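In this chain, numbering begins with 1 at the start of the sequence shown. This one's a predicted model, so the numbers in the text were calculated from it and none came from an experiment. Atoms within each ligand, like the ligands themselves, are counted from 1 in listed order.
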Amino acid sequence: MRPIIAPSLLACDFSKLADEVNMINSSTAEWIHIDIMDGVFVPNLSMGVPIVEAIHRHAKKTMDVHLMIVRPERYIEAFIKAGADVLSVHIEACLNVKAVVGRIKALGIKAGVAINPYTPVTALENVIADVDVVNIMSVNPGFGGQELIPSTFEKVIETKKLIDRIGSKALIEIDGGVNLDNAKALIKAGADVLVAGNFVFNTSQPTATIEKLKASAN
Ligand code: DX5
Ligand code: ZN
């Protein structure tokens with residue numbers, strides 16, 4: 001299976017944002033991953049609604065917006081209006097994740113839930129039937145350029161089993177530390193979407209790197 005590749009703009013050169021988005025447009029990546037951080041849920045700050053709007057003016061690919069913010073329900077409409085096609089919220093950041101997911105879906109886009117490395121897969125049980133994407137964080141959220149936590153592989157297998165048992169249609173997305181050394185094993189374990197920031201943007205030919213990730217299951 002060829003995975004969906006979602007280059008993460010967190011690792012791009014923000015002084016050339018339009019060029020970076022156009023690079024993704026011209027590549028075999030289907031999604032653009034956009035990390036939103038509030039300095040509370042995670043220790044870092046990143047971008048907000050106006051930047052997502054700017055990306056949307058150039059993007060020809062699916063805009064996959066990952067909210068690493070507390071009480072994400074406050075900003076759902078704003079990010080959808082700014083161009084999000086997939087909106088993921090952290091299960092740890094919501095009082096009632098089922099209600100938040102329901103609201104995202106009612107507004108007509110795809111909904112995702114993200115879980116931190118030390119949140120167990122069982123936390124997904126009540127919501128997995130409702131979501132389009134499960135983002136399994138393979139690093140502690142907040143920063144790009146970290147190494148993938150090895151227990152991720154087991155977690156992907158467990159999530160895949162849960163998806164099959166419940167009959168959910170959710171795609172499994174892996175976020176953090178993805179590279180050509182681990183992509184094949186992640187896909188074998190059940191991953192459908194691979195997010196890659198530094199591994200794509202810190203290469204001289206990012207479009208070629210994207211295609212290598214895409215072909216990595218072979
Ligand atoms: C981390 C972010 C990731 C990050 C991935 O908090 O959610 O999406 O951009 O970056 P790399 O691929 O460099 O680990
Ligand atoms: Zn992310």
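With hydrogens and angles disregarded, no donor-acceptor distance shorter than 3.5 Å links the side chain of Ser216 to the backbone of Leu180. The backbone N or O of Asn126 sits less than 3.5 Å from a side-chain atom of Lys98, completing a donor-acceptor pair.
Other members of the hydrophobic cluster containing Val139, listed by chain and number, are Met137; membership follows side-chain contacts under 4.5 Å among ILVMFWY residues, whether direct or relayed. Cluster partners of Leu171, by chain and number: Ile4, Trp31, Val86, Val133, Val193. The rule joins Ile, Leu, Val, Met, Phe, Trp and Tyr whenever side-chain heavy atoms lie under 4.5 Å apart.
Around the Zn ion (ligand 2), the protein contributes the following N, O or S atoms at distances under 2.8 Å: His33 NE2, Asp35 OD1, His66 ND1, Asp175 OD2.
Closest approach of Ala191 and Ile174 over heavy atoms only: CB-CG1, 3.6 Å. Between Ala29 and Pro7 the shortest heavy-atom distance is CB-CD, 3.5 Å.
Two residues are said to be in side-chain contact when any heavy atoms from C-beta on lie closer than 4.5 Å; Lys16 and Met23 fail this criterion.
Glu30 pairs with exactly one of Lys214, Lys61, Arg2 by the side chain to side chain donor-acceptor pair (under 3.5 Å) rule, that one being Lys214.
Within 4.0 Å of ligand 1, contacts by protein heavy atoms are made from Ser8, Leu10, His33, Asp35, Met37, His66, Met68, Met137, Pro141, Gly142, Phe143, Gly144, Gly145, Asp175, Gly176, Gly177, Val195, Ala196, Gly197, Asn198.
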Just do the salt bridge (Lys or Arg N to Asp or Glu O under 4.0 Å) check on Glu53 and Lys81 with the steps written out, would you?
CA-CA 8 Å; Glu53 274 166 6; Lys81 215 166 149 221; over 6 Å; no
